[in-house]
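Here the structure comes first, spelled out in C-alpha cells, and everything after it is commentary.
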Number of protein chains: 2
Amino acid sequence: MNMHAPAGTSLIADLRPEARSAPESGIVEVVNHGRLKPGLIPLWVGEGDLPTPEFIVRAANKSLADGETFYTWQRGIPELREALARYHTALYGRPFVADRFFVTGSGMQSVQIAVRMIAGAGDEIVIPTPAWPNVAAALGVAGAATVCVAMDFHQGRFTLDLGKLEAAITPRTRALVINSPANPTGWTATRDELAAILAIARKHGIWIIADEIYARFVYDGSARAASFHDVMEQEDRILFVQTFSKNWAMTGWRIGWIEAPPALGQIIENLIQYSTSGSPVFVQRAAIAALDEGEPFVAEQIARAKEGRRIIAEGLKATNRVSLQAPDGAFYQFFAVDGRTDSRALAIELVDTANVGLAPGAAFGPGGETGLRLCFARKASDLTEAVERLQKALSA
Amino acid sequence: MNMHAPAGTSLIADLRPEARSAPESGIVEVVNHGRLKPGLIPLWVGEGDLPTPEFIVRAANKSLADGETFYTWQRGIPELREALARYHTALYGRPFVADRFFVTGSGMQSVQIAVRMIAGAGDEIVIPTPAWPNVAAALGVAGAATVCVAMDFHQGRFTLDLGKLEAAITPRTRALVINSPANPTGWTATRDELAAILAIARKHGIWIIADEIYARFVYDGSARAASFHDVMEQEDRILFVQTFSKNWAMTGWRIGWIEAPPALGQIIENLIQYSTSGSPVFVQRAAIAALDEGEPFVAEQIARAKEGRRIIAEGLKATNRVSLQAPDGAFYQFFAVDGRTDSRALAIELVDTANVGLAPGAAFGPGGETGLRLCFARKASDLTEAVERLQKALSA
C-alpha cells in the first residue's frame with residue numbers, strides 16, 4: 001500500500017485535529033488584508049507606535065558586543081530574575097523573591113506554558129469574554145475546552161457577573177483566566193472583585209491564570225490597577241502570565257515571564273526546555289534595562305495613552321453612531337457601530353474605506369461579535385486623523 | 001471545601017501528568033552541577049566556543065537602530081524566507097520556493113510545532129536511539145509515546161538496522177524521527193539508507209520528522225551529508241526541523257525554521273501564533289546575514305571541528321580505556337569508558353576530578369546508558385587540555 005499523496009488537502013487531513021482546528025487569528029486575517037496598504041493607520045494590534053527606547057536597545061547591543069551569544073539558564077539569567085523581584089517589590093509594596101520569576105519568550109509563551117501545566121484533554125477553563133483570543137486557542141491546541149462567560153455590556157460599559165462566573169465551574173474546570181485590566185473591553189477589576197474571584201477559585205480548588213499585563217495602564221491617576229497580589233497568599237494557585245511588550249514598547253522582542261510559586265520551578269524549567277529552550281541573553285539584558293531604568297518611559301506611555309483615549313472617545317461619540325464609554329484600563333476602545341453586526345466585514349470594509357486598521361470584535365469571542373477594538377496607544381495626530389477618517393466612512 | 005494549600009507538593013500534584021512527568025534534562029542536570037566551576041572546559045552542550053561572528057551581530061544592530069522592534073509576520077519576514085530558499089537552492093542543487101519555509105524561535109520550537117502537528121494522546125513516534133532527548137520529551141508533553149529503536153554499537157561505531165526500524169511501526173505510529181548526521185552518535189545516513197527509510201514511511205503512510213541540522217558537519221570533504229532532499233518529492237510527508245544555532249554559532253539567538261509542504265502554511269502559522277507569536281525582526285535580519293554571507297564562517301567552523309575530532313579521537317584512544325571511532329558527521333564524540341556503566345555518575349565525577357564537562361549518555365535513551373558525549377566544536381588548545389585532564393582522571 002503506497003499512501004504517498006501529493007495533494008495538500010490530504011496532507012492537512014493527516015494532521016492532529018487539535019492542530020488542524022487551531023483557528024486563524026481573526027485579527028491577523030484583517031492585518032494580512034491591509035498590511036501593505038499605503039497610509040493606513042494601524043490600530044488593530046496591541047502595540048503602540050513608539051519603537052523601543054534607546055536605553056533598552058543599548059543594553060542589547062552591549063550584550064552582543066560582549067559576546068553573550070551562547071545558551072543560557074532555562075529559567076532566565078539570575079540578573080533578570082532579580083530585576084523582576086525588585087520591580088515587583090517596588091510596584092506592589094511588599095517583598096518578592098527572584099525564585100518566583102521565570103523568563104519566557106513572550107507573554108504568549110507564558111500562556112502556553114501555564115496552559116500546558118494545568119489543562120489538557122477533558123479539562124475545561126473558564127474565560128470571561130470578549131477576551132484576547134490566543135488563550136482559548138492555546139487551550140484548543142492543548143486539547144482542553146474553553147467555557148466562555150459573556151460579560152454584560154450596558155451603556156458602553158462591560159461588567160463581569162461573578163455569579164455567572166461561578167456557575168460556569170464544573171467538576172472538569174481546572175482554572176479561571178482573569179485578565180484585568182482587560183483586552184479588549186477595558187474592564188478593570190476592583191480589589192474586592194479580585195478577592196471574590198480568588199475566594200471562588202479557592203472554594204473549588206482550581207487555578208487562576210492571571211493576565212495583568214496592562215496593570216500600569218489605568219486612567220484614574222493610580223500607579224497601577226488592583227492586582228491579585230493585593231489579596232493572595234504566596235502559595236495560592238495563581239500563575240501570572242506577563243510580557244515586556246506593552247509597558248516598554250518591546251512587542252517585537254518576544255520576551256515575557258511567568259510568576260508562580262517557586263515549588264513549580266523545575267516543572268516550568270522543563271517546559272521551557274522543551275518548547276524554546278530559553279531566551280537570548282542579549283534580549284534579557286534589554287529587559288533588565290527596561291525594569292531598572294524604564295519608569296520615566298512607562299509614565300510617558302501612560303500619559304500618551306490617556307490623551308489617545310480622550311481623542312478616540314470624544315471623536316467616536318461625535319459620530320452619533322457608536323455606543324461607548326472610555327475604558328478604565330488597558331489601551332483599547334471597544335465600541336459597536338449602530339446597525340452593523342458583522343464586525344469582520346466591517347473591519348475589512350474600514351481598511352478599504354477609511355484606511356484605518358481595527359480588530360474585529362468577533363475575534364474576541366462571545367459578547368464581542370458586533371464590536372470593534374481600537375488601540376489608542378499612539379501619537380495624537382494619528383488618532384485625530386483616524387477619528388476624522390472613521391467619522392467620514394461611518395457617515396457615508 | 002477550601003482546597004487552598006500552601007505546600008509545594010500539593011501544588012505539583014495538581015498539575016497535568018504530562019507536565020509533571022516532563023523529565024529534567026539529563027544534560028542540564030550536569031551543567032547545573034558544574035556551571036560556575038572555575039577553569040572548567042565545557043564540552044557538554046551542543047555549541048562551540050566561538051561567539052556569533054561580527055557580520056551577523058552587525059545586521060541585528062542595524063535593524064535595532066532602524067527601529068524594527070514591532071510585531072511582524074508569524075511565518076517570518078519575507079526577506080528571511082527568500083534567503084532560506086536561496087540557501088537551500090544553492091546547497092541542494094535544485095530550486096526551492098520561499099513558501100516552504102517557516103521561521104521559528106529555535107530548532108526546539110520547530111520540533112515542538114512539528115510534534116504538535118502530527119502527534120498527541122494515543123500516538124506513537126519511532127526514534128532511533130541514543131538520540132537528542134528533547135524530541136522524546138516534547139512528545140511526552142504532547143501526550144504521545146516514544147518508541148525507541150536502539151542502534152547497534154560495534155567497535156565504537158553506531159549503525160541503524162532498518163529492519164528493526166520498520167518492525168517498530170504499529171498502527172498507532174505517526175512518524176519516524178530521523179536525525180542524520182546524528183547527535184550524539186555521529187551516525188550519518190547514506191543516500192540509499194535515506195531512500196529506504198522514505199520508502200518505509202511511504203509504505204506505512206506515516207510522517208518523517210527530519211533533523212538534518214548537522215548536515216554541513218561531515219568529514220569526508222563533501223559540502224554536506226546526504227539528505228532527504230536528495231530522494232524526496234516536494235509533497236512527501238516530511239517536516240524538516242532546523243536551526244541557525246550550529247552552522248553560524250547562534251545558539252543563544254533562539255532562531256530556527258521548519259521546512260514543510262506549503263499546503264501546511266496556515267496551520268504552521270497558527271501554531272506559531274499560539275506558542276510564541278513570531279520571532280524578533282532584528283534576530284531575523286541577523287539570520288539573513290548568516291545565510292547570505294556565512295559560507296566562509298561555516299567553512300572555518302567545519303575545519304575547526306575536523307581538527308577537534310582528530311585531537312579527541314587520538315587523545316581518548318591513547319587512554320586505552322575507551323572504545324570509539326571518530327564519527328562521520330556532527331560534532332560529537334560518543335564513547336564508553338571500560339568498566340564504567342553509570343554515565344550520569346561518571347559525568348558528575350569528571351566535572352569534579354577532570355574539570356571537564358561531558359554529557360551523560362543516559363540522557364540520550366536506550367543504547368546510550370554507558371557512554372559519554374563530548375562536543376569537539378572548540379578550539380584545539382582547549383581540546384588538547386581537556387584530553388590531558390581526561391587521560392589523567394581516567395587513569396587515576
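Residue numbers begin at 1 in each chain, while the letters A, B, ... track the order of the sequences.
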Tell me, for [X] versus chain B, whether the close heavy atoms (under 4.5 Å) come from the side chain, the backbone, both or neither.
X: A/P23; answer: both
X: A/V141; answer: both
X: A/S110; answer: neither
X: A/T251; answer: both
X: A/V28; answer: side chain

Exercise. Quick one: does A/R254's side chain have a donor or acceptor within less than 3.5 Å of a partner on B/T276's backbone?
Worked result: yes
Problem set entry | Donor-acceptor contact present, side-chain A/R16 to main-chain B/V115, <3.5 Å | no
Exercise. So which of A/Q74, A/Q273, A/E269 actually passes side-chain contact (heavy atoms from CB on, under 4.5 Å) with B/S25?
Worked result: A/Q273
Please rank [options] by heavy-atom pairs under 4.5 Å with chain B and give me the top one.
options: A/M117, A/M250, A/Q109; result: A/M117
options: A/S279, A/S277, A/A249; result: A/S277
options: A/S275, A/A119, A/S245, A/G67; result: A/S275
options: A/A65, A/G278, A/P261; result: A/G278
options: A/L271, A/V45, A/L64, A/I268; result: A/L64
options: A/A260, A/A138, A/A137; result: A/A137

Does [X] reach the side chain of [Y], with side-chain heavy atoms less than 4.5 Å apart?
X: A/Y274; Y: B/Q112; value: no
X: B/Y71; Y: A/V31; value: no
X: B/F282; Y: A/F282; value: yes

Exercise. Are B/R35 and A/T72 close enough, and set up right, to give a side chain to side chain donor-acceptor pair (under 3.5 Å), and what steps lead you there?
Worked result: CA-CA 10 Å; B/R35 196 190 291 261; A/T72 188; 5.0 Å; no
Exercise. So which part of B/S106 gets closer than 4.5 Å to some heavy atom of chain A, the side chain, the backbone, both or neither?
Worked result: side chain
Seminar exercise, completed: Between the CZ atom in B/R58 and the CG atom in A/N61, the distance rounded to the nearest 0.5 Å is 13.0 Å
For this session: Return yes if a side-chain donor-acceptor contact under 3.5 Å exists between A/W73 and B/N32, otherwise no.
Result: no
